[in-house]
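The shown structure was predicted, so the numbers you read here are calculated from the model rather than taken from an experiment. Throughout, numbering of the chain's residues begins at 1 and tracks the sequence.
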Amino acid sequence: MKHWRIDELAWDRFDPGLVDPDVLLLVKAASVVERNGTDYARYLNNVFTDDAAFRQASDNWAVEEVQHGDALGRWAMLADPSWDYPAAFARYRRSYHIPLEVDASVRGSRTGELIARCMVETGTSSFYTALADATAEPVLNAICRQIAADEYRHFKLFYDHMHRYLKRERIGVWRRTRIALGRVTETEDDELAFAYHTTNEPAGMPYDHERCIAAYMARAMGFYRERHLDRAVAMIFKTIGFKPHGRVCRGAARVAFGLMQRRRRKFETTIGRGRPAARYGRARRAALQAAAE
């Protein structure tokens, strides 16, 4: 069951004056990735072919993922009336595909697959929380907070099923760590890069992974603050089997935030631009001050 519906959002509160171009680029890319949830559900159903309970949960999860994409796509078309969300998604589907005809997880086990899904939900929950904290546009703020809450519930869904399979497959902590960290590093693969390319670059422009992933990541990473990494690292620790709170976890979060900002600066150098977060931070503070007055 959906926990919210697109038509229930206060679309009449949309304020074009509070739309930030950098945020719009990210939302366009995110919309098609989220909308592609049906393919991931098909993949998961093939991996868990004899697990009716999980297959039903996967199908329900996909319905919510599609809604995320449609809500983001609708907002992006308000922010940029010249942009066509359905056409952009069709273009993305022609460009990017995941392997669907499988009968086993690419992670080596069902537990490994569920660990990887937990990492994805950790990343999306933290991303939409960071984006909500960064935007003053009220409709997008509401959408991002709804999506972030959904993604946290999805994390719990996959986490609970992971523990069910862990009792059977008994994967050790260090193997879980390798799977989790390996999936985290995959955020820079073609999925997001293709999404940025197909939603933000002209149809005749050749795809270049380095250019596209730098353009996406430089913007996305700029909206993260330490508190967002604190929660994300705690979720990673919990999935792996480490204590999700305490000095070790907090220290790991600080290291992760430092590494993210170093990576962000490298991406910004690649695309030859200034820091988006600093500029948008000033715009957001000004907008919030004006609203208060």
Side-chain angles (χ1 to χ4, degrees), residues 6 22-44 58-77 79-80 83-100 106 113 116-132 134-135 140 143-155 157-158 183-201 203 207-209 211-224 232 267:
I6 293 176
D22 283 328
V23 172
L24 179 57
L25 294 173
L26 295 177
V27 169
K28 288 179 179 179
S31 70
V32 299
V33 174
E34 296 283 348
R35 182 64 178 77
N36 207 33
T38 51
D39 269 6
Y40 285 97
R42 181 178 168 185
Y43 163 79
L44 289 171
S58 175
D59 288 341
N60 293 338
W61 163 82
V63 169
E64 293 194 340
E65 293 295 295
V66 169
Q67 177 169 265
H68 297 169
D70 289 346
L72 293 168
R74 179 170 170 178
W75 181 88
M77 287 194 294
D80 178 5
W83 190 66
D84 187 335
Y85 164 59
F89 178 64
R91 184 184 173 200
Y92 179 64
R93 290 272 294 175
R94 290 193 299 269
S95 304
Y96 180 78
H97 307 278
I98 64 171
L100 297 177
V106 297
E113 183 62 46
R117 296 314 311 171
C118 285
M119 294 304 97
V120 172
E121 304 304 328
T122 295
T124 52
S125 178
S126 64
F127 169 70
Y128 288 111
T129 300
L131 206 58
T135 183
L140 181 61
I143 292 171
C144 288
R145 293 198 185 284
Q146 292 281 19
I147 295 177
D150 282 352
E151 304 292 25
Y152 185 76
R153 284 190 299 98
H154 295 165
F155 167 83
L157 165 72
F158 291 122
R183 183 60 186 88
V184 169
T185 63
E186 290 174 18
T187 55
E188 295 180 17
D189 65 9
D190 279 323
E191 181 180 38
L192 287 173
F194 260 121
Y196 185 89
H197 171 64
T198 55
T199 57
N200 291 299
E201 296 186 335
Y207 170 68
D208 180 270
H209 177 268
R211 179 189 70 243
C212 293
I213 199 63
Y216 181 91
M217 288 295 181
R219 291 173 172 88
M221 290 178 172
F223 292 115
Y224 277 81
F267 284 132

Inset, instruction - Can you measure from NE2 (His97) to CZ (Phe194) and round to the nearest 0.5 angstrom? - result: 9.0 Å
Inset, instruction - Taking all non-hydrogen atoms of both residues into account, name the closest pair between Ala71 and Ile6 and its distance. - result: N-CD1, 3.6 Å
Inset, instruction - Kindly give the heavy-atom pair with the smallest separation between Met119 and Val184, and that separation in Å. - result: SD-CG2, 4.1 Å
Inset, instruction - Return yes if some donor-acceptor pair links the side-chain N/O of His209 with the main-chain N/O of Glu188 below 3.5 Å, else return no. - result: yes
Legend entry - Shortest non-hydrogen contact between Gly37 and Trp61, atoms and distance: O-CZ3, 3.7 Å
Legend entry - Any donor-acceptor pair under 3.5 Å from Thr135 side chain to Ala132 backbone: no
Legend entry - Polar side-chain atom of Ser31 near backbone of Lys28 as donor-acceptor pair, under 3.5 Å: yes
Legend entry - Side-chain H-bond candidate by donor/acceptor type, Thr199 with Tyr92, under 3.5 Å: no
Inset, instruction - Check for a donor-acceptor pair, side chain of Arg219 on one end and backbone N or O of Asp22 on the other, with a separation under 3.5 Å. - result: no
Legend entry - Arg42/Asp39 salt bridge by N-O under 4.0 Å criterion: no
Inset, instruction - Of all the heavy-atom pairs spanning Leu192 and Thr187, show the shortest one and how long it is. - result: CD1-O, 3.5 Å
Inset, instruction - Keeping the roles fixed (side chain from Tyr216, backbone from Leu26), state whether a donor-acceptor pair exists under 3.5 Å. - result: no
Legend entry - Glu113 and Arg183, any side-chain heavy atoms less than 4.5 Å apart: no
Legend entry - Euclidean distance, Gln146 CD relative to His68 NE2, rounded to 0.5 Å: 8.5 Å
Inset, instruction - Assess whether side chain to side chain contact (heavy atoms under 4.5 Å, CB included) is satisfied between Tyr196 and Ile213, documenting all intermediate values. - result: CA-CA 8 Å; Tyr196 185 89; Ile213 199 63; over 6 Å; no
Inset, instruction - Output the distance between atom CG (Asp70) and atom OH (Tyr85), rounded to the nearest 0.5 Å. - result: 4.0 Å
Inset, instruction - List the atom of Ala41, the atom of Asp59, and the distance in Å for their closest heavy-atom pair. - result: CB-OD1, 4.4 Å
Legend entry - Pair Tyr96-Asn36, side-chain donor/acceptor within less than 3.5 Å: no
Legend entry - Separation of Tyr128 OH from Ile147 CD1 (nearest 0.5 Å): 5.0 Å
Inset, instruction - Could you tell me whether the side chain of Ser125 and the main chain of Glu121 form a donor-acceptor pair under 3.5 Å? - result: no
Legend entry - Shortest non-hydrogen contact from Ser126 toward Tyr224: OG-OH, 3.2 Å
Legend entry - Distance (rounded to the nearest 0.5 Å) between Tyr152 OH and Leu157 CG: 13.0 Å
Legend entry - Gap separating the CZ atom of Arg145 from the CG atom of Leu140, nearest 0.5 angstrom: 10.0 Å
